[in-house]
Every structure is written in structure tokens, then in C-alpha cells.
Protein chains: 2
Amino acid sequence: MSRGVGRDHETVRGAIAAAACVLVAEEGAGALTVRRVAAAAGVSPGRVQHYFPDRTALMLAAFDSVQHAVAAEVTTAVGEAAAPEQVLTAVLRAMIPTDDTAMRRLRVVAQFESLALTEDILATRIREGHAELLAFLERLLESSRIRLDSNNTEGTLQGLLATAEGLSGQVLLGQSSPDRALALLQTSIDDMFRGVAS
Amino acid sequence: MSRGVGRDHETVRGAIAAAACVLVAEEGAGALTVRRVAAAAGVSPGRVQHYFPDRTALMLAAFDSVQHAVAAEVTTAVGEAAAPEQVLTAVLRAMIPTDDTAMRRLRVVAQFESLALTEDILATRIREGHAELLAFLERLLESSRIRLDSNNTEGTLQGLLATAEGLSGQVLLGQSSPDRALALLQTSIDDMFRGVAS
DNA sequence: TCCTAATCGATACGAGTGTATCGGATTGCG
DNA sequence: CGCAATCCGATACACTCGTATCGATTAGGA
């Protein structure tokens with residue numbers, strides 16, 4: 001079934017999008033090209049063109065691919081945690097790249113974030129994902145017995161997310177080691193829980 | 001003196017680099033092109049080519065241009081502050097875009113940071129600038145009477161810088177308003193100084 | 001004055017881009 | 001067994017890109 005109507009459309013699309021992500025991770029967003037992606041996926045340019053009408057569709061598919069990968073990563077990290085504090089810690093730690101695969105994934109995310117400064121569609125999607133994550137963590141903490149001393153759960157969470165994102169950027173740029181970033185992140189988390197009755 | 005040897009080389013170079021920054025701010029790093037920059041600077045492509053041997057030189061000049069602009073901004077912000085705590089606060093607040101010009105400037109910085117994930121020369125320069133800023137703030141706090149409770153000045157500062165960078169990214173992506181980001185940043189700074197005898 | 005070096009506009013070339021289009025291959029259905 | 005729908009490889013076209021190159025212009029020293 002290498003041709004014809006029997007092809008599993010979504011599988012092929014996903015494979016091409018995944019190859020596009022690898023390409024972006026290694027060569028930057030500028031390499032997001034029909035022909036380059038085709039070469040990276042080991043596929044003819046015509047095939048890529050068949051599954052994606054234009055360059056924007058290819059870009060959005062690649063973005064969805066990383067976003068789903070990140071969501072899956074977060075989900076498994078959450079699955080292993082029990083208490084709400086552990087869930088929060090796991091989610092935030094997942095934003096710091098420690099191994100090669102996480103490094104690549106977060107490099108792709110960083111590339112798309114800078115693309116989003118120009119492409120409004122990407123900015124919207126990133127905002128939605130960010131708001132979703134924030135709401136999830138907010139529900140998590142509010143449904144538990146945890147109450148933050150600042151009486152401002154959303155603000156504190158947003159600050160924590162900003163810290164994690166900043167540390168992630170530092171690691172990606174080689175300004176900080178993953179271990180150091182994780183330690184600093186843990187300090188911020190501990191500060192947040194300080195003086196809180198669980 | 002529109003031609004000939006009498007031209008002020010550095011002035012022309014600077015003007016072209018500044019125009020390149022405006023272009024990057026408005027259209028992203030992908031617009032960093034000889035012809036586009038020439039058009040943005042109101043200059044013939046040949047002139048740009050004359051002052052910059054290749055695209056990399058143009059990119060580095062544009063990067064230096066923003067870096068100097070940021071340094072100047074920080075310097076004036078520091079000049080208005082008296083106490084070391086105020087200096088630190090001023091530096092960190094300068095990383096959050098509040099008006100249009102700061103917005104544009106930080107957009108350019110963000111674009112170059114994502115470019116640095118691919119271009120090693122940029123990564124090196126950013127690391128150097130970051131280390132320099134960190135060392136400056138460290139000296140500032142250590143030479144003053146301020147001692148951090150965590151007994152880990154560098155780590156705390158790095159965490160604070162990460163928070164500011166993360167908040168800056170949130171503002172750039174429209175996930176947070178400048179005022180909100182400034183408030184969250186202030187909270188982080190206050191937490192840092194909590195329990196510290198000045 | 002004139003001549004050398006700097007400046008710069010214009011043009012050209014090859015590579016790479018997005019996209020349109022065509023034709024053959026393949027498959028599942030009637 | 002057709003046959004229509006899908007799949008996809010190939011090609012073409014009009015662009016933009018970086019870069020090389022040439023010639024004209026200009027300024028300042030000899």
C-alpha cells in the first residue's frame with residue numbers, strides 16, 4: 001500500500017510533521033522548507049506538497065507536532081506524581097531540558113515562539129496553550145488543600161512559569177547547566193510553598 | 001560628501017545596522033536580507049554590500065546595534081538610581097517592555113536569541129553579555145551592605161534574571177500585560193530582599 | 001592639477017524558494 | 001474487470017536570495 005487511496009493520511013502527515021520538527025531543532029526555523037522537510041523525512045517534495053497545501057500549513061502541522069509531544073511529556077510526568085505539589089513540580093521540571101530529546105523538543109518550541117512574534121496564528125495558539133496550562137495548574141492547587149500565602153494563586157503561578165521559561169532559555173543558550181537550572185527552579189518552588197499549610 | 005574617501009564609515013555602518021534592527025523587529029529574523037535592509041535604510045543594495053562583506057557581518061552588526069541600545073538603556077536606568085537595590089530593580093525592570101520602543105528593542109533581542117540556537121557566534125556573544133550583566137549585579141550587591149539570606153548571591157541573581165526574561169517573553173507574546181509583568185517581577189524582587197538587613 | 005584610493009550603483013549568475021500543474025501509478029469499489 | 005478517486009513524482013515558472021564583478025563617481029594628498 002505505497003500508493004492509492006488506502007494510505008493512512010494522518011500517519012503520513014504526522015511523520016512529515018515530526019521530520020519537520022527534527023529539522024527545526026537542528027537547523028532553525030529558517031530550514032522549514034518544503035524541499036528540506038521532504039529530504040529530512042526521506043520523501044519526495046511532491047508528497048509533502050500533496051499533504052500540505054502551502055508552507056503555512058506545514059508550519060502549523062510542525063507546531064502541533066511539538067505541542068502534542070510536550071503535552072504527552074507533561075501528561076506522563078503528571079501521571080507519576082501523586083500529590084498536587086509533586087504534579088506542579090513535575091510540570092515545571094519538564095520545562096527544563098535535561099536530556100537530548102528534551103533539548104531538541106524545547107529548541108523547537110523556542111524557535112516557534114520567536115516565529116510567533118511575526119506570525120499571528122502561532123501567537124494565538126501559543127497563548128491558548130499557555131492559558132490552558134495555567135488554568136490546569138490553578139485548578140490543581142485550588143482543588144487541593146494548598147493555599148498560597150500571597151492569596152494570589154494565578155499570579156504566583158504565572159511568575160513560576162516565567163521563571164521556568166527563563167531558566168529553560170538559559171539552558172538552551174548554554175548560559176546555565178540543566179542541573180543548576182533545576183536547582184534554581186526548585187528554590188523558586190520552595191519559596192512559593194514557604195509558610196503554606198498543606 | 002556623498003561619495004569618496006571622506007565618508008564617515010562608522011556612521012553609515014551604524015545607520016544601516018539600525019535600519020536592520022527595525023526590520024527584524026517588524027518582520028522577524030527571516031527578513032535580515034541585504035536587499036530588504038537596503039530598502040529599509042533607504043539605500044542602494046550595493047552600498048549595504050560595500051559596508052558588509054556578507055550576510056553574517058550584517059547580522060552581527062545588527063546584533064551589536066541592539067546590544068548597545070540595551071546597554072545604553074540600562075546605563076541610563078542605573079544612572080537615575082541611587083541605592084544598590086534600586087539599581088537592581090531598575091535593571092530588571094528594563095527587561096520588561098512597557099512602551100513601543102522597548103517593545104521593538106526586546107523583540108529584536110528575542111529574535112536574535114532564537115537565531116543563536118543555530119548560529120554559534122551569536123550564542124557566544126549573548127553568553128558573554130549575560131555573564132557580564134550577572135557579574136555587574138553580583139559586584140553591586142556584594143560591594144553594598146546587602147547580604148542575601150540564601151547566602152548564594154549568584155544563584156539568586158540568576159533566578160531573578162530568568163524570571164525577568166520569562167516575564168519579558170510573556171509580554172512579547174501577549175500572554176501578560178506589561179503592568180502585570182512588572183508587578184510579578186516586583187514580587188520576586190521583594191521576596192529576594194525579604195529578611196535581609198540592608 | 002592629477003592620480004590614487006575609497007565609495008557605491010548596477011548588473012549578472014547560480015542556487016533555492018513557494019506554488020501550479022500534469023501525468024502516471026495504485027487502490028478499493030461496483 | 002473496469003473505473004473513479006486518490007496518491008504522488010516530476011517538471012516548470014516566477015520569484016528572492018547571496019555574492020561577484022564592473023564601471024562610474026568622488027575626495028584628498030602629491
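Just so it is clear, the structure is predicted and the values come from calculations on it, not from any experiment.
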Asker: Distance check needed: C/dT21 P versus A/Gln49 CD, whole Å only.
Answerer: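 Taking atom P of C/dT21 as the reference, CD of A/Gln49 is at 11 Å.
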Asker: Roughly how many Å is it from NE2 in A/His50 to C1' in C/dT21, rounded to a whole number?
Answerer: 14 Å
Asker: Give the intermediate values and the outcome of side-chain hydrogen bond (donor to acceptor under 3.5 Å, both in side chains) for residues A/Arg180 and A/Gln170.
Answerer: CA-CA 10 Å; A/Arg180 180 171 182 79; A/Gln170 289 186 4; over 6 Å; no
Asker: Quick one: B/His9 NE2 to D/dA27 P, roughly how many Å, whole number?
Answerer: 18 Å
Asker: Report yes or no: is there a donor-acceptor pair, N or O only, under 3.5 Å between the side chain of A/Arg35 and the base of C/dG18?
Answerer: yes
Asker: Expressed as a whole number of angstroms, how long is the span from B/Leu58:CG to D/dT19:P?
Answerer: 10 Å
Asker: Could you check which of D/dC7, C/dG18, D/dG18 has an atom nearest any side-chain atom of B/Thr33?
Answerer: D/dG18
Asker: Check the pair B/Glu26 / B/Arg107 against salt bridge (charged side-chain N to carboxylate O under 4.0 Å, His left out), numbers first and verdict last.
Answerer: CA-CA 8 Å; B/Glu26 290 176 353; B/Arg107 278 169 69 100; over 6 Å; no
Asker: For the side chain of A/Gln111 and the backbone of A/Gly28, is there at least one donor-acceptor N/O pair under 3.5 Å apart?
Answerer: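 Answer holds: no.
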Asker: Using only side-chain N and O atoms of B/Tyr51, determine if any of them is under 4.0 Å from OP1 or OP2 of C/dT7.
Answerer: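 Answer is no, no contact under 4.0 Å.
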Asker: In whole Å, I'd like the distance from the CG atom of A/Asp8 to the C1' atom of D/dT6.
Answerer: 14 Å
Asker: Whole Å only: how far is the CZ atom of B/Arg47 from the C1' atom of D/dA20?
Answerer: 20 Å
Asker: What's the CZ-C1' distance between A/Arg55 and D/dC15, to the nearest Å?
Answerer: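 Computing the A/Arg55:CZ to D/dC15:C1' distance gives 15 Å.
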Asker: Considering non-hydrogen atoms only, spot the tightest contact between A/Glu113 and B/Leu173 and give its length.
Answerer: O-CD2, 3.8 Å
Asker: Whole-Å distance between D/dC17 P and B/Leu32 CG?
Answerer: 11 Å
